Protein chains: 2
Amino acid sequence: MPQAKIDAGDEIAVEACPVREVLDRVAGKWSILIIVAAARGPVRFTELERSIEGISRRMLTLTLRHLERDGLLKRTVYATVPPRVDYELTDIARELHQSLLSLTDWAERHRAAISAARVAYDAERLAAAG
Amino acid sequence: MPQAKIDAGDEIAVEACPVREVLDRVAGKWSILIIVAAARGPVRFTELERSIEGISRRMLTLTLRHLERDGLLKRTVYATVPPRVDYELTDIARELHQSLLSLTDWAERHRAAISAARVAYDAERLAAAG
DNA sequence: CAGTATCCGATCTGATACTG
DNA sequence: CAGTATCAGATCGGATACTG
């Protein structure tokens with residue numbers, strides 16, 4: 001039962017709430033970006049650092065560890081010199097990526113509408129404020 | 001073309017990146033929770049406050065404004081005493097909610113696996129450190 | 001190459017008192 | 001009822017120097 005049923009008066013429990021779960025997994029500025037970047041196959045640390053514009057080394061590391069801990073990324077270390085580490089999506093992350101697709105699709109389809117809404121909202125508030 | 005194609009060497013642009021767009025819209029601790037709570041029909045401020053466990057008045061207000069600005073919520077004020085304000089999803093938010101469903105579905109299906117992954121990860125690190 | 005360690009400012013959140 | 005205003009604490013995130 002994917003549909004989260006909410007009748008009047010129901011509480012959205014913080015614990016065990018599937019919505020919260022997704023959020024916690026995917027929240028943060030970079031998680032989804034990394035998942036998307038890793039979706040086409042194993043990627044190395046530096047590849048990610050270069051491909052995800054604006055990410056710092058620190059945040060890349062932290063987010064990678066986080067995703068690995070949740071079982072979304074598989075980290076493989078090759079004992080070579082120089083060292084090589086590959087990150088690749090696990091099966092459940094690959095499923096997640098599929099779900100994400102409908103979200104990005106939504107974003108693309110409504111990007112203009114959302115921009116317009118913002119402009120309208122700001123204009124209204126500006127007018128109201130004098 | 002919903003599929004975000006990423007060839008080796010491509011950059012995930014910060015601007016105009018549909019992934020980023022979704023994130024910015026839906027990020028934050030409460031946005032999605034509010035969307036889910038409002039999905040079944042118009043809700044009042046206090047209803048939301050009661051149904052979303054743990055949310056503070058401040059964050060509810062901020063998040064509502066944010067969603068309203070992005071054109072995801074429609075705010076209706078009734079000039080009654082005491083005042084009454086309804087929030088309801090716009091059409092595009094309703095679409096978003098549909099997309100969210102596949103995410104929550106994913107969360108439910110893999111909740112156990114993710115928990116297990118965490119435990120395993122922590123145990124490993126503990127063993128390595130100890 | 002693939003990180004770790006440290007410092008610090010920006011942002012997010014919660015608690016709470018007050019108001020039209 | 002439906003907020004706003006203010007303050008403090010927690011967390012996030014970036015820059016950067018250093019290392020196996």
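Remember, it's a predicted structure, so these values are computed and weren't measured experimentally.
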(message) So, OP1 or OP2 of C:dT11: does either fall under 4.0 Å of a side-chain N or O from A:Lys29?
(response) no

(request) Measure from the side-chain heavy atoms of A:Phe45 and tell me the nearest of C:dG3, D:dG14, D:dA2. (result) C:dG3

(message) Can you give me the closest heavy-atom contact between B:Trp106 and A:Val22, atom names plus distance?
(response) CE3-CG2, 4.4 Å

(request) Please determine if a side-chain N or O atom of B:Arg65 lies less than 4.0 Å away from the OP1 or OP2 oxygen of D:dG3. (result) yes

(request) Take the protein atom CD1 of A:Ile55 and the nucleotide atom P of D:dC12, then report the distance between them rounded to whole Å. (result) 15 Å

(request) Ignoring backbone atoms, establish whether A:Arg58 has a side-chain N or O less than 4.0 Å from OP1 or OP2 of D:dT16. (result) no

(message) One thing to verify: whether B:Arg118 and A:Asp70 come together as a salt bridge, which I'm taking to mean a side-chain N less than 4.0 angstrom from a carboxylate O.
(response) yes

(message) How many whole angstroms separate atom CG of A:Leu48 from atom C1' of C:dC1?
(response) 13 Å

(message) Tell me the interatomic distance from B:His66, atom NE2, to C:dC12, atom C1', rounded to whole angstroms.
(response) 13 Å

(message) Under 4.0 Å, counting only non-hydrogen atoms across every strand here, what does A:Arg44 touch: a base, just sugar-phosphate, or nothing?
(response) sugar-phosphate

(message) Just the rounded figure in Å: distance from P of D:dG3 to OH of B:Tyr78.
(response) 13 Å

(message) With a 3.5 Å distance limit and no angle check, can you tell me whether B:Thr104 reaches the backbone of B:Leu101 through a side-chain donor-acceptor pair?
(response) yes

(request) Establish, yes or no, whether the cationic atom of B:Arg65 lies under 6.0 Å from the six-membered ring centre of B:Trp30 and within 45° of the ring axis. (result) no

(message) If you only use heavy atoms from C-beta on, which nucleotide in C:dG14, C:dG3, C:dG20 is closest to the side chain of B:Met59?
(response) C:dG14

(message) Distance check needed: D:dT4 C1' versus B:Glu49 CD, whole Å only.
(response) 13 Å

(request) Report yes if at least one side-chain N or O of B:Tyr87 is closer than 4.0 Å to OP1 or OP2 of D:dC1; otherwise report no. (result) no

(request) Any strand is fair game: report the nucleotide pairing with D:dT16 by Watson-Crick or G-U wobble, both distances under 3.5 Å, or none. (result) C:dA5

(request) Respond yes when some side-chain nitrogen or oxygen of B:Thr46 is under 4.0 Å from OP1 or OP2 of D:dA2, and no when none is. (result) yes

(message) Expressed as a whole number of angstroms, how long is the span from A:Asp24:CG to D:dC12:P?
(response) 11 Å

(request) Please check if the side chain of B:Arg94 supplies one atom and the backbone of B:Leu89 the other of a donor-acceptor pair under 3.5 Å. (result) yes

(request) In whole angstrom, give the distance that lies between atom CG of A:Leu62 and atom P of D:dG13. (result) 9 Å

(request) Mind calculating the distance between CZ (A:Arg57) and P (D:dG13) to the nearest angstrom? (result) 18 Å

(message) Which is more 5' along DNA chain C, the nucleotide nearest A:Arg84 or the one nearest B:Ser56? Just name the residue.
(response) A:Arg84

(message) What's B:Thr61 touching, base or sugar-phosphate or nothing? Going by heavy atoms closer than 4.0 Å.
(response) base

